[in-house]
Amino acid sequence: MKKFDKDRLILGFAGPVLALVVALALTTVVLLASGQNPFEPYRIMFESASYADVQVLIINQAGTYYLAALAVAVGFRMNLFNIGVDGQYRLAAMVAALVGASVSLPGPLHIALIVIVAMLVGAFWSGIAGFLKTTRGVSEVVSTIMLNSIATALVAWLILPKNFGEQPAGSNNLTTGEIAESGWFPGLSMGDMAGEIYGFTFVAAGCGLLYWFVLNRTRFGFDLRATGASESAAQASGVDAKKMILTSMLISGAVAGLAGMPTLLGDTHTYSLDFPTGIGFTGITIALLGRNNPLGIALSALLIAFLDKSSASLDQYGYEKEIATIMQGLIVISVVVSYELVRRYGIRRQQQKVGEELAAGHALTTEKEAAL
């Protein structure tokens, strides 16, 4: 039976807790510097989150963020930085919406088709970066950033009325056309006033369980973690590192494609110019804060969703709702700093424990020699 490592557990929690405390303190300093009450915004946000409709909004947003963060985390575990999740998510949602609006199928098949198309498009777009890295040594950071820009331009071109888009009468918005009701994913109603939780939010939770199982209970997960820790060591043990890199990028892109499904299948039922953006970049924050752990990512997704949705009412009380955005930015900075501090402390603590064990062993040996 594996021995419980108390120090490892404490260090695991120390990073995110320290990051949140520092971010909260810095946000308070920003409020004080601007001449505002440093505590009132927090009270307003918590009070807002006590309403059932806001709670539903938080849960729904967290589901989307969770999938985006899982996509980022898959890359992180391979020591890859898939910064292109946002482009993969938007292109996948757009193409899936086009396909979904153009066909008529029985409910389960219609939903399955939309989801599969989204995953394939996301995997294809991410796979380009994986292919460039494994064949030409192109950094995935550079290639995915460029692919984000290309995806933005491609979506803007595809949604033009002269191509595949539609412009509703009397509106300046452009859409892909509405998906038939057979392609809507049923949700969980929380009452007339609260609305409903997207059904795909529960699929997102299932993806988290699958991520944990594959990563910790399969040979593929072991190879992925081993290659991420040391590519040369993995190759020496017979793992095809290039194949693992490409496979990880494909999986990351496929999960990124799923990130648009809660909103597409549970709310808008079409892709339009006002479809949510920036989801992929928020996913990076959440994956970092959650330390690529499915439970940690879930808690981080709920936190960021809470900041997003509960801050909407701040402007009614004379506070800028951008306070939440400032806090999110400070969390990112704090995560980097706090994790490095915790890492250094962990190394020192480990060295200290080794020294104590060696000293204890030496003392025991000395006692035995004296007894003889």
Side-chain angles (χ1 to χ4, degrees), residues 1-3 5 8-9 11-12 15 66-85 88-89 92 116 118-144 147 203-259 280 283-284 286-298 300 339 343 346-347 350:
M1 185 174 179
K2 189 176 180 180
K3 186 178 178 181
D5 192 339
R8 184 176 179 182
L9 180 65
L11 289 174
Y66 189 61
L67 288 168
L70 284 180
V72 176
V74 170
F76 279 161
R77 295 310 292 258
M78 258 296 297
N79 204 23
L80 296 171
F81 195 173
N82 181 9
I83 206 170
V85 167
Q88 296 150 22
Y89 141 82
I116 291 171
M119 293 180 69
L120 290 176
V121 172
F124 169 75
W125 206 247
S126 179
I128 295 174
F131 177 78
L132 290 173
K133 184 174 181 66
T134 54
T135 59
R136 293 292 181 267
V138 179
S139 168
E140 75 281 359
V141 175
V142 175
S143 59
T144 51
L147 285 166
V203 176
C207 288
L209 292 174
L210 183 62
Y211 166 83
W212 174 86
F213 178 81
V214 171
L215 205 64
N216 297 284
R217 293 293 184 269
T218 68
R219 174 60 187 270
F220 173 80
F222 174 80
D223 289 346
L224 186 147
R225 289 183 285 114
T227 308
S230 174
E231 187 174 324
S232 58
Q235 285 180 323
S237 63
V239 177
D240 188 339
K242 289 187 175 180
K243 181 181 177 182
M244 291 300 300
I245 289 172
L246 180 58
T247 303
S248 298
M249 288 300 290
L250 289 171
I251 295 174
S252 179
V255 178
L258 290 177
I284 295 172
I286 294 169
L288 285 171
L289 185 60
R291 304 201 72 169
N292 304 318
N293 179 283
L295 180 58
I297 292 173
S300 301
Y339 283 6
R343 185 187 71 83
I347 292 173
Q350 190 174 31

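When a residue number appears, it is its place in the shown sequence, counting from 1. Just so you know, these numbers use all the heavy atoms, side chains as well, and skip hydrogens, waters and symmetry mates.
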Taking the side chain as everything from C-beta on, heavy atoms only, tell me whether [X] gets closer than 4.5 Å to [Y].
X	Y	answer
Val74	Leu70	no
Cys207	Leu258	yes
Ile284	Val85	no

Provide the closest heavy-atom pair for [X] versus [Y] in the form atom of the first, atom of the second, distance.
X	Y	answer
Ala71	Ser252	O-OG, 2.6 Å
Leu246	Gly127	CD1-O, 3.9 Å
Ala118	Ala92	O-CB, 3.2 Å
Met249	Ser126	O-OG, 2.6 Å
Ala73	Ile297	CB-CD1, 3.8 Å
Ala129	Ser143	CB-OG, 3.3 Å

Discussion item. For Phe220, is the CZ atom crowded, meaning more than 12 foreign heavy atoms sit under 6.0 Å from it?
Written reply: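 It does: Phe220 CZ has more than 12 such atoms within range.
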Taking atom [atom1] of [X] and atom [atom2] of [Y], what is their separation to the nearest 0.5 Å?
X	Y	atom1	atom2	value
Asp240	Gln235	CG	CD	7.5 Å
Glu140	Ile245	CD	CD1	8.0 Å
Ile251	Thr247	CD1	OG1	6.5 Å
Thr144	Leu80	OG1	CG	10.0 Å

Heavy-atom donor-acceptor pair, [X] side chain to [Y] backbone, under 3.5 Å:
X	Y	answer
Ser248	Met244	yes
Tyr66	Ile286	no
Thr227	Ala241	no
Trp125	Leu147	yes
Arg77	Gly228	no
Thr135	Phe131	yes

Worksheet item: Are Gln88 and Asn82 close enough that a side-chain donor and a side-chain acceptor fall under 3.5 Å?
Response: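 Asn82 and Gln88 do have a side-chain donor-acceptor pair below 3.5 Å.
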Worksheet entry | Tyr211: which of Val255, Asn216, Asn292 passes side-chain contact (heavy atoms from CB on, under 4.5 Å) |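 For Tyr211, the side-chain contact (heavy atoms from CB on, under 4.5 Å) test succeeds with only one of Val255, Asn216, Asn292, which is Asn292.
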Practice prompt. Sequence neighbours left out, what passes side chain to side chain donor-acceptor pair (under 3.5 Å) with Asp223? Give chain and number order.
Written response: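 Partners of Asp223 by the side chain to side chain donor-acceptor pair (under 3.5 Å) criterion, ordered by chain and then number, come out as Arg219.
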Item to complete: With sequence neighbours excluded, tell me which residues meet ring-ring contact (aromatic ring centres under 6.0 Å, His included) with Phe76.
Response: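 Result, ring-ring contact (aromatic ring centres under 6.0 Å, His included) vs Phe76: Phe81.
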